[in-house]
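A short worksheet on the structure shown next.
All values derive from a computational prediction rather than experimental measurement. Throughout, numbering of the chain's residues begins at 1 and tracks the sequence.
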Amino acid sequence: MQSKGFIKLIAILLALACVYQLTFSLKTRSVEKDAVEYAATFPAEEQVAMEQYYLDSIQNKVVYNIGIAQFTYKQCKEKEINLGLDLKGGMNVMLEIQVEDVVKSLAGDSKNDPAFVAAIESAAQALKEGTNDYIGAFAKAYAQASNGGQLVDIFLSPDRKDITPGMSDDEVVKILRQETEDAISASFNIIRSRIDHFGVMQPNIQRLPNSNRILVELPGVKEPERVRKLLQGTASLEFWTTYNGQDLLQSLLRADAVVKSLQGEAVVEAAADTTLAAEVAEGAEQSASRFSREQNPLLALLSPDYAGGAVLGAAVAADVAAINKYLALPEVRDCFPADVDFKWGIKGEPMFDNRLCLYAIKVERADGKAPLDGSVISDARATYAQTGANAEVSMAMNSNGITEWAQLTGENVGKCIAIVLDGYVYSAPVVRGKIEGGNSSISGDFTIQEAQDLANVLKSGKVPAPARIIQDTVVGPSLGQESINQGMMSFIVAFVLLMIYMCAMYGWIPGAVANGALLIKKVDSVTGEPLSDVEFFVTTSDGTVVGNSNGKFVTDSAGTILISNIAPGTTLVVKETKTRDGYILADTPQTIKVQSNATMTLEFRNQPK
């Protein structure tokens with residue numbers, strides 16, 4: 001009872017913490033309501049896209065200011081209460097990597113061998129019956145179907161350096177398992193990257209243990225068919241030659257002047273509107289550019305200060321859509337070489353304040369295709385550099401890619417070659433010299449994790465088994481609202497039943513309001529030691545005695561008296577009637593008013609004689 005102040009403090013702090021956390025949910029709902037209102041001004045078929053665009057545009061803008069701290073919409077979204085699929089609605093997708101396709105791809109021309117075909121069928125049947133070891137079942141079935149034939153005879157290929165003549169079945173099985181693991185990891189990374197660019201907040205992406213399946217939960221998704229196409233699409237890995245960004249700065253300046261000259265025309269108004277700079281905020285905190293939007297509408301969004309290598313400029317994510325619209329204008333395109341194309345980096349660069357880089361890609365072929373694609377990669381691994389502590393990525397080409405890679409690198413010494421997956425640039429290393437033999441090394445300030453991610457990207461170009469949806473469920477928001485309503489109703493019913501119980505036990509008034517208590521302390525005025533066996537007489541302010549002993553109470557060994565279950569608002573009068581030998585009686589009465597759900601304290605001090 002003596003720590004009631006501390007308990008109150010903890011309760012208040014917990015209540016404030018709860019209110020603080022809830023404010024983030026309230027703020028994000030307010031912003032999302034504004035997004036819906038903004039999208040409502042567009043045609044019905046564009047409203048979903050424009051609502052998402054509005055939210056993307058203010059991700060890095062301050063939307064919540066509490067004085068001592070400011071939070072962007074993205075930060076508020078991360079701190080809000082996550083309702084999940086069951087409450088918010090969305091999409092639940094289960095994808096599976098077909099290991100059978102991986103094994104067939106590795107077998108090459110041997111996939112038509114009768115023993116191989118029989119082993120594949122047997123392993124597929126074992127998978128249906130519940131086995132999780134497809135590779136083990138395949139190896140066992142092949143040994144039976146081929147009368148003891150060696151797996152190395154099936155998978156031996158000039159393009160593979162890890163499988164050599166004379167290898168045992170166990171060694172080949174180990175490589176097959178690693179290839180399967182790499183295929184699943186590559187698919188997982190591709191799916192994660194695509195979802196990140198899809199714009200879903202708080203997605204849940206996880207690989208299920210002991211299986212070849214990936215679970216994806218996307219709260220709030222409103223376009224399930226688009227999600228299905230996105231998740232099942234085959235990865236497109238390409239190698240592109242590039243322009244030097246510095247060489248295109250004059251073209252960028254001309255393009256900026258063209259955009260300014262067209263500012264009053266309808267063709268640019270659409271692009272200017274999508275910037276949302278004037279609608280959401282002035283954007284000073286967003287771009288922090290030395291260019292003004294009035295004088296340099298394009299350069300204020302796409303800063304040329306970061307130009308270098310294959311990079312033309314950099315921009316915050318919120319301005320990407322507006323920049324794309326500007327660059328797509330025919331008058332702007334005429335400012336640049338006819339064979340230039342623009343592609344964005346996959347993520348913000350820390351050295352550029354987490355801005356996204358815009359790369360200048362050179363399209364040299366008449367058909368518009370990349371000079372080299374990911375099908376020529378036979379292997380990619382993350383390793384540590386021979387000197388220093390940084391990681392690097394080693395990459396090997398197959399026989400089809402060795403010659404083309406040598407020609408491509410030989411013609412671009414000192415220039416950048418962009419590694420592009422699904423339209424986004426993951427890396428643009430500088431070619432140091434002509435690379436012959438097909439073995440390359442990509443170095444930089446990589447951590448081992450970054451190097452592993454890039455290796456997975458490179459291997460995605462040869463993933464023979466894209467993820468396939470085996471189950472998907474769309475949960476409507478009405479079901480989520482129904483769950484919220486049921487939860488609220490459960491709370492109300494439980495609260496009413498609790499109040500009825502308390503009133504039945506303690507009466508209507510005491511039951512409805514929590515009672516209080518009184519703690520009487522008796523101590524030595526000199527030493528502060530508690531005094532036991534001291535008698536008190538306690539009444540209410542109208543003279544009604546308290547307790548079952550005609551108002552008489554005696555201090556215990558701790559020198560205290562606790563009187564509980566006192567109705568809130570009651571004023572008590574406490575008088576000392578008998579003290580211990582050797583002490584002067586403190587016979588001056590004290591009064592106190594009892595409060596609800598609180599223990600009030602009175603202290604009496606006796607002086608020694």
Side-chain contact test, heavy atoms from C-beta onward, threshold under 4.5 Å: evaluate it for Val393 versus Thr383 and give yes or no. no
First locate atom CD of Gln98, then atom NZ of Lys104, and finally report the distance between them rounded to the nearest 0.5 Å. 9.5 Å
Please verify the inter-ring angle class for Phe352 with Tyr306; under 30° counts as parallel, over 60° as perpendicular, anything in between as tilted. tilted
Take Thr72 and Gln75 through the side chain to side chain contact (heavy atoms under 4.5 Å, CB included) test and state the conclusion after the steps. CA-CA 5 Å; Thr72 64; Gln75 291 171 326; 3.3 Å; yes
Minimum heavy-atom separation for Thr164 to Val152, with atom names? O-CG2, 3.3 Å
Does Arg177 pair with Asp133 as a salt bridge, N-O distance under 4.0 Å? yes
Tell me the closest heavy-atom pair linking Tyr134 and Glu100, and the distance in Å. OH-CB, 3.4 Å
Check whether Ser490 reaches the backbone of Gln486 with its side chain - one donor and one acceptor, N or O, closer than 3.5 Å. yes
Side-chain donor-acceptor contact under 3.5 Å, Glu411 with Gln407: yes
Going by atom types only, do Asp339 and Tyr243 share a side-chain donor-acceptor pair under 3.5 Å? yes
Are Ile214 and Ile205 side-chain neighbours, meaning at least one heavy-atom pair lies under 4.5 Å? yes
Quick one: pull up CG in Leu151 and CD1 in Ile135 and give me the separation to the nearest 0.5 Å. 9.5 Å
Could you walk me through whether Ile346 and Leu356 satisfy the side chain to side chain contact (heavy atoms under 4.5 Å, CB included) test, starting with their C-alpha distance in whole Å, then the side-chain angles of each, then the deciding distance to 0.1 Å, before giving a yes or no? CA-CA 8 Å; Ile346 186 64; Leu356 294 172; over 6 Å; no
To the nearest 0.5 Å, tell me how far Ser187 OG sits from Arg192 CZ. 12.5 Å
So which atom in Leu249 and which in Leu312 form the shortest heavy-atom distance, rounded to 0.1 Å? CD2-O, 4.2 Å
For the pair Arg213 and Glu96, find out whether any cationic side-chain nitrogen is under 4.0 Å from an anionic carboxylate oxygen. yes
Is the shortest side-chain N to carboxylate O distance from Glu80 to Lys77 below 4.0 Å? yes
Pairing of Lys343 and Glu238 as salt bridge, 4.0 angstrom limit: no
Could you go step by step and tell me if Val216 and Ile195 meet the side chain to side chain contact (heavy atoms under 4.5 Å, CB included) rule? CA-CA 9 Å; Val216 179; Ile195 290 175; 3.4 Å; yes
Please examine the side chains of Lys362 and Thr242, heavy atoms only from C-beta on, and report whether any two atoms are closer than 4.5 Å. no
Could you tell me whether the side chain of Glu121 reaches within less than 4.5 Å of the side chain of Val117, counting heavy atoms only? yes
Determine whether Glu129 and Gln125 make a side-chain contact, defined as any pair of heavy atoms from C-beta on separated by less than 4.5 Å. yes
Could you tell me whether a side-chain N or O of Ser443 sits under 3.5 Å from a main-chain N or O of Glu392, the two making a donor and an acceptor? no
Taking side chain as C-beta onward, heavy atoms only, is Ser440 less than 4.5 Å from Ser394? no
Are any side-chain N or O atoms of Asp319 and backbone N or O atoms of Ala315, one a donor and one an acceptor, separated by less than 3.5 Å? no
Taking atom types as modelled and ignoring hydrogens, do the side chains of Asn324 and Trp344 form a donor-acceptor contact shorter than 3.5 angstrom? yes
Chi angles and distances behind the side chain to side chain contact (heavy atoms under 4.5 Å, CB included) call for Arg228, Asp472: CA-CA 9 Å; Arg228 295 185 184 100; Asp472 70 78; 3.0 Å; yes
Here's a test for you: under side chain to side chain contact (heavy atoms under 4.5 Å, CB included), which of Leu372, Val376, Asp373, Ile377 qualifies with Leu237? Ile377
Less than 4.5 Å apart, side chain to side chain, heavy atoms only: is that true for Glu436 and Trp405? no
Heavy-atom pair with the smallest gap, counting every atom of Ala145 and Ala115: CB-O, 3.8 Å
Taking atom CG of Leu329 and atom CZ of Arg333, what is their separation to the nearest 0.5 Å? 11.0 Å
Nearest-0.5 Å distance that lies between atom CG in Leu106 and atom CD1 in Ile154: 12.0 Å
Ring centers of Phe138, Phe116 separated by less than 6.0 Å: yes
Would you say the side-chain atoms of Thr180 pair up with the backbone N or O of Leu176, donor to acceptor, closer than 3.5 Å? yes
Side-chain donor-acceptor pair present, Tyr142, Gln150, cut-off under 3.5 Å: no
Residues Asn439 and Ala396: closest non-hydrogen pair is OD1-CB, 3.5 Å
At what distance, to the nearest 0.5 angstrom, does CZ of Phe71 lie from OG1 of Thr28? 13.0 Å
Any salt bridge between Asp305 and Arg355, counting N to O under 4.0 Å? no
Of all heavy-atom pairs between Arg207 and Phe188, which one has the smallest distance, and what is that distance? N-CE1, 3.8 Å
Residue pair Val93 / Gln471, side-chain heavy-atom distance below 4.5 Å: no
